[in-house]
There are 2 protein chains.
Amino acid sequence: MTPRTASGTSAVRLAAETWESLFRAQVAVMRRLQSGPAFRDLAVNEYDVLFTLSRCPSGWLRLNELNDNVLLSQSSLSRLVDRLEKRGLVERMPAPDDGRGVLLKLTEEGAALQKEIGREHVRDIAELVGPALTAAEQRELLRLTEKLRASLPSR
Amino acid sequence: MTPRTASGTSAVRLAAETWESLFRAQVAVMRRLQSGPAFRDLAVNEYDVLFTLSRCPSGWLRLNELNDNVLLSQSSLSRLVDRLEKRGLVERMPAPDDGRGVLLKLTEEGAALQKEIGREHVRDIAELVGPALTAAEQRELLRLTEKLRASLPSR
DNA sequence: CCGATTTGCATGCATTTGCATGTACTGCCC
DNA sequence: GGGCAGTACATGCAAATGCATGCAAATCGG
């Protein structure tokens with residue numbers, strides 16, 4: 001006996017369809033965003049790292065914390081950071097309180113590039129999402145996705 | 001003068017935050033899904049192709065239609081299909097009505113593998129999404145992401 | 001009907017990615 | 001304190017990916 005909701009679809013089916021729809025929407029939006037001119041000389045993943053660093057209060061962020069935000073393996077992130085460092089966009093520093101750790105910070109140039117791309121990027125997003133959903137719908141979508149993310153098992 | 005909504009945040013900012021939250025939720029869920037045992041011998045992208053084919057009414061699907069569903073370049077999809085074909089999971093066939101096109105279909109083995117992985121996958125999804133959101137919330141999230149996807153400019 | 005442009009897919013090649021592993025450091029238990 | 005499992009990051013190497021391009025078929029403009 002599979003449990004059924006009031007509407008007659010099983011709970012697992014509803015969850016699967018919800019995830020499927022969320023995933024497809026993400027793919028569709030991302031496809032349009034990444035093909036735009038904002039990312040002509042920085043990959044989306046690379047921008048994402050700069051963005052996350054720019055949002056970090058202290059300015060410094062551990063590599064493994066960064067890794068939670070990005071859909072990349074640990075080794076790929078390590079090399080991505082290598083590239084950003086070689087381009088002078090971020091700075092590495094050994095973590096003071098943990099000899100294994102590495103701290104990351106934006107350089108001046110990295111912060112400038114993030115802002116520049118960010119402006120374009122935000123505009124692109126608004127042009128895609130703005131006309132698609134009302135403000136109330138966007139707020140609800142924001143709330144639901146935040147709740148979903150917050151409710152996931154920590155690992 | 002940037003326009004403001006009733007809550008005091010600008011429309012572009014709301015759109016950007018909504019997208020950011022959707023994206024992070026997708027990353028967080030996907031990270032957990034793809035590390036599970038369901039994908040031990042088939043990458044998520046590869047499964048996704050099998051899944052899409054399994055949902056196709058006629059059984060046959062054009063490569064370029066497939067490409068809309070997947071976050072992959074055309075060339076990468078072409079080679080991904082190469083791999084699936086070499087493993088005997090899909091079958092290629094020149095499109096009858098368009099000499100340039102290629103049609104794709106699941107083989108018996110491909111359909112069986114999709115079903116097998118799909119069962120596990122759906123269970124994993126339900127375990128992640130089910131406890132995080134109520135059924136009503138899931139339905140609303142499903143509706144909003146469908147609307148978002150449907151409202152995007154065609155390309 | 002013919003040339004020019006566009007579209008759909010494949011392939012060469014450089015880059016990026018992940019897995020497995022190595023290295024250094026931490027924390028735990030005794 | 002000494003051994004020992006666990007964590008954080010880097011690196012060798014094979015595989016996957018994207019860009020540019022090639023080629024063939026379709027579509028367009030006259």
Side-chain angles (χ1 to χ4, degrees), chain A residues 27 30-50 53 60-87 89-105 154-155, chain B residues 27 30-50 53 60-87 89-105 154-155:
Chain A
V27 167
M30 182 59 90
R31 183 176 268 302
R32 287 161 179 80
L33 286 176
Q34 74 183 4
S35 67
F39 297 105
R40 90 210 78 162
D41 46 25
L42 202 68
V44 175
N45 277 338
E46 294 172 339
Y47 168 76
D48 199 13
V49 166
L50 299 191
L53 285 174
W60 294 96
L61 200 61
R62 283 289 293 268
L63 219 44
N64 66 6
E65 300 180 89
L66 242 175
N67 213 0
D68 295 334
N69 251 0
V70 181
L71 203 53
L72 271 180
S73 69
Q74 178 270 318
S75 60
S76 297
L77 177 62
S78 178
R79 279 192 255 252
L80 189 155
V81 169
D82 281 348
R83 297 195 296 273
L84 293 179
E85 193 179 24
K86 263 162 204 147
R87 288 178 62 173
L89 301 174
V90 303
E91 197 180 332
R92 265 193 243 246
M93 164 182 151
D97 57 331
D98 185 340
R100 302 162 299 178
V102 170
L103 290 176
L104 225 66
K105 185 177 76 112
S154 34
R155 201 172 300 215
Chain B
V27 167
M30 182 59 90
R31 183 176 267 304
R32 286 162 179 80
L33 286 176
Q34 72 183 5
S35 67
F39 298 105
R40 88 210 80 157
D41 46 24
L42 202 68
V44 176
N45 277 337
E46 294 172 338
Y47 168 76
D48 199 12
V49 166
L50 299 190
L53 285 173
W60 293 97
L61 200 61
R62 284 288 294 268
L63 254 176
N64 64 6
E65 300 181 270
L66 241 176
N67 213 3
D68 295 336
N69 251 0
V70 180
L71 203 52
L72 271 180
S73 71
Q74 177 270 319
S75 61
S76 296
L77 177 61
S78 179
R79 279 192 257 252
L80 189 155
V81 169
D82 281 348
R83 296 195 297 272
L84 294 180
E85 194 180 23
K86 263 162 205 147
R87 287 179 63 173
L89 302 174
V90 303
E91 196 180 332
R92 262 192 246 246
M93 163 183 154
D97 58 332
D98 184 339
R100 303 162 299 179
V102 170
L103 290 176
L104 225 67
K105 185 177 77 107
S154 32
R155 203 169 302 214

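Just so it is clear, the structure is predicted and the values come from calculations on it, not from any experiment. Reminder, nothing fancy here: chain letters follow the sequence lines and each chain counts from 1.
- For the OP1/OP2 pair of C:dG18 and a distance below 4.0 Å, the side-chain nitrogens and oxygens of A:S76 include at least one atom meeting the criterion.
- In this structure a side-chain-to-backbone donor-acceptor pair under 3.5 Å is present from A:E46 to A:A43.
- Within the 4.0 Å cut-off from OP1 or OP2 of D:dT11, not a single side-chain nitrogen or oxygen of A:R79 is found.
- Of the side-chain N and O atoms in B:N64, one or more sit less than 4.0 angstrom from OP1 or OP2 of C:dC9.
- What separates CG of B:L71 from P of D:dA16 is a distance of 18 Å, to the nearest Å.
- Nearest approach of A:L84 to A:V49, heavy atoms of both residues: CD1-CG1, 3.8 Å.
- Contact annotation: side chain of B:R100 to base of C:dT7, donor-acceptor pair present below 3.5 Å.
- Rounded to an integer number of Å, the gap from CG of B:N45 to P of C:dT17 is 14 Å.
- Judged by distance alone, the side chains of A:S73 and A:S76 do bring a donor and an acceptor atom under 3.5 Å apart.
- In this structure, A:R83 and A:G99 both approach DNA chain C, and ranking their closest nucleotides by distance from the 5' end singles out A:R83.
- For the pair A:S35 (side chain) and A:R31 (backbone), a donor-acceptor distance under 3.5 Å is present.
- For the pair A:R40 CZ and D:dG18 C1', the interatomic distance rounds to 18 Å; values are reported in whole Å.
- Side-chain atoms of B:S75 and base atoms of D:dC19 include a donor and an acceptor less than 3.5 Å apart.
- Taking atom CG of residue B:L72 and atom P of nucleotide D:dC19, one finds them 11 Å apart after rounding to whole Å.
- On a pure distance criterion of 3.5 Å, no polar donor-acceptor pair joins the side chain of A:Q74 and the base of D:dA8.
- The distance between atom CD of B:E46 and atom P of D:dA16, rounded to the nearest whole Å, is 7 Å.
- A donor-acceptor pair is defined here as one N or O able to donate and one able to accept, closer than 3.5 Å; such a pair exists between the side chain of B:R40 and the backbone of B:P37.
- Atom CZ of B:F39 and atom P of C:dG18 are 15 Å apart (whole Å).
- Listed pair B:N67 / C:dG8 fails the phosphate criterion, with no side-chain N or O lying under 4.0 Å from OP1 or OP2.
- Remark: the A:S73 side chain and the C:dC19 base include no donor-acceptor N/O pair separated by less than 3.5 Å.
- B:D98 places its CG atom 14 Å from the C1' atom of D:dC23, with the value rounded to the nearest Å.
- Atom-to-atom, CG of A:D41 to P of C:dT15 comes out at 16 Å; the value is rounded to the nearest Å.
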